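Everything below concerns the one structure shown next.
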2 protein chains.
Amino acid sequence: MSGGVEWALHCCVVLTSVDEPAPAARLAQLHDVSPSYLAKQLQALSRADLIRSVQGKAGGYVLTRPPSEITVLDVVEAIEGPGPAFICTEIRQRGPMATPPEACTAPCAISRAMANAEVQWRAALREVTIANLADDVRGDYGPGALAGIGTWFREDS
Amino acid sequence: MSGGVEWALHCCVVLTSVDEPAPAARLAQLHDVSPSYLAKQLQALSRADLIRSVQGKAGGYVLTRPPSEITVLDVVEAIEGPGPAFICTEIRQRGPMATPPEACTAPCAISRAMANAEVQWRAALREVTIANLADDVRGDYGPGALAGIGTWFREDS
DNA sequence: GGGCAAGTACTCGGATAGGCCCTGTCCGAGTACGGCCGG
DNA sequence: CCGGCCGTACTCGGACAGGGCCTATCCGAGTACTTGCCC
């Protein structure tokens with residue numbers, strides 16, 4: 001799985017506690033990661049309409065929806081792409097004992113098993129929202145953790 | 001996800017209906033895939049003790065256990081590796097607002113959410129065995145489908 | 001003092017190279033079978 | 001006719017290149033703020 005997913009999720013949680021637009025360079029500085037590459041991930045989130053870009057001098061990125069309406073699955077699909085991880089190449093229709101195409105109306109048993117597992121995976125990710133993550137962070141490190149990041153964005157350095 | 005997983009699963013299902021050792025070249029011919037590359041996947045299954053190799057002139061691969069005791073998860077982990085797909089790089093401990101290491105005894109909320117989703121995914125794959133897949137194949141295409149493959153292995157061509 | 005306009009500096013966005021892992025391939029080590037020879 | 005031995009042919013196993021996607025980077029287009037000027 002792409003490592004950019006972790007960066008994107010952290011950025012979404014941070015955006016929860018910042019009402020002003022947050023520039024990509026500042027987010028990269030906060031996480032100590034490559035600014036250029038993080039910009040690419042944020043562009044992917046922007047294309048998926050999870051965040052909106054504000055141009056100009058005091059511009060940056062802002063969440064387009066309340067954090068409780070953005071799921072972890074949304075972020076993962078925005079970065080990794082909406083397609084399934086397992087792709088059936090229909091090898092049952094190849095070779096000397098190939099299954100005739102007219103008998104292949106339904107996906108094969110292997111494809112069904114893998115697809116079902118991915119459904120379970122997606123369901124688990126869909127149950128967790130960015131707001132849930134932010135609440136968990138407050139519970140783990142205290143309410144001031146996210147608030148401190150919010151104020152840090154207004155400082156210079 | 002590696003495409004070799006699909007090949008490996010199909011090979012395991014085929015091995016269900018073949019009691020004699022099945023050579024890798026014959027399995028590749030049956031599925032019309034690269035013999036050399038399929039050999040690599042079968043070696044991975046052998047290292048995981050899911051199949052056992054029989055050397056010599058009439059050698060090949062045989063399942064080491066009853067098909068009902070081999071899960072799809074076993075095959076996936078043998079090919080893809082047992083490690084998790086999402087790897088937390090602990091970026092919460094980096095940057096100017098880094099969380100102190102003594103507060104990082106438990107995984108972060110993002111890591112927990114992703115790990116939980118993978119647990120669900122693994123659980124779904126663990127519920128399906130190779131025997132279940134073989135039964136589904138018989139249900140989909142008739143009982144003679146797998147049996148025909150079994151007899152095909154004894155023919156020349 | 002207020003309004004307007006130009007300049008500036010900061011922002012995002014897409015197009016562009018490099019590295020690592022998956023894909024695909026090859027040849028060598030090892031072993032069971034088949035044939036041959038000797039008893 | 002039977003047993004032992006050798007040759008062969010077939011098998012797996014690990015080591016070796018090529019391609020594609022992820023990682024990382026850069027520069028250009030666009031916009032809001034600031035500043036200076038004019039009325």
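Protein chains get the first letters and strands the later ones, always in sequence-line order, with residue 1 at the start of each. Values in this document were obtained by computation on a predicted structure and should not be read as measured data. Worth knowing before you read on, the calculation uses all heavy atoms, side chains too, and leaves out hydrogens, waters and symmetry mates.
- Distance B:Gln29 CD to D:dC10 C1': 15 Å, rounded to the nearest Å.
- Residue B:Ser34 places none of its side-chain N or O atoms closer than 4.0 Å to OP1 or OP2 of C:dT23.
- Taking side-chain N and O atoms only, B:Ser46 has no distance below 4.0 Å to OP1 or OP2 of D:dC12.
- The residue B:Arg47 sits close only to the backbone: its heavy atoms come under 4.0 Å of sugar-phosphate atoms, none of a base.
- Residue B:Ile91 contributes atom CD1, which lies 13 Å from atom P of D:dT23 at whole-angstrom precision.
- Contact annotation for A:Ala39: no contact, since no heavy-atom pair falls under 4.0 Å across all strands.
- In terms of modelled atom types and a separation under 3.5 Å, the side chain of B:Gln41 and the main chain of B:Ile79 share no donor-acceptor contact.
- Listed nucleotides D:dT11, C:dC12, D:dC22 differ in distance to A:Ser2; the shortest reach to its side chain belongs to D:dC22.
- Contacts of A:Ala25 with the nucleic acid, taken as non-hydrogen atoms under 4.0 Å apart, are absent.
- Protein atom CD of A:Gln41 is 14 Å distant from nucleotide atom P of C:dC12, rounded to whole Å.
- Rounding to whole angstrom units, OH of residue B:Tyr37 and P of D:dG18 are separated by 17 Å.
- The separation between A:Lys57 atom NZ and C:dA9 atom C1' is 5 Å, rounded to whole Å.
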Full working for side chain to side chain contact (heavy atoms under 4.5 Å, CB included) between B:Val128 and B:Leu133:
CA-CA 7 Å; B:Val128 183; B:Leu133 292 178; 4.0 Å; yes
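- One atom, CG of B:Leu38, and another, C1' of D:dG13, lie 14 Å apart when rounded to the nearest Å.
- You'll find that the side chain of B:Gln55 is closest to D:dT11, out of C:dG13, D:dG13, D:dT11.
- Place B:Val54 and A:Lys40 on DNA chain D by their nearest nucleotides, and B:Val54 ends up nearer the 5' end.
- Candidate nucleotides C:dC12, C:dG24, D:dT25 were compared by shortest atom distance to the side chain of A:Ser53, and C:dC12 ranks first.
- With distances taken from any side-chain atom of A:Ser36 to the nucleotides D:dC26, D:dG13, D:dT34, the minimum falls on D:dC26.
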Take A:Cys108 and B:Tyr141 through the test side chain to side chain contact (heavy atoms under 4.5 Å, CB included) and record every step on the way to the result.
CA-CA 10 Å; A:Cys108 70; B:Tyr141 314 119; 4.2 Å; yes
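- Mapping A:Ala22 and B:Glu80 onto DNA chain C by nearest heavy atom places A:Ala22 at the nucleotide closer to the 5' end.
- Using a cut-off of 4.0 Å between Lys/Arg side-chain N and Asp/Glu carboxylate O, B:Arg122 and B:Glu118 are scored as salt-bridged.
- For the pair B:Arg26 CZ and D:dC10 P, the computed distance is 13 Å after rounding to whole Å.
- Rounded to whole Å, the distance from CD on A:Gln43 to P on C:dA15 is 10 Å.
- Between B:Arg92 and A:Asp140 no salt bridge is recorded (no basic side-chain N to carboxylate O distance below 4.0 Å).
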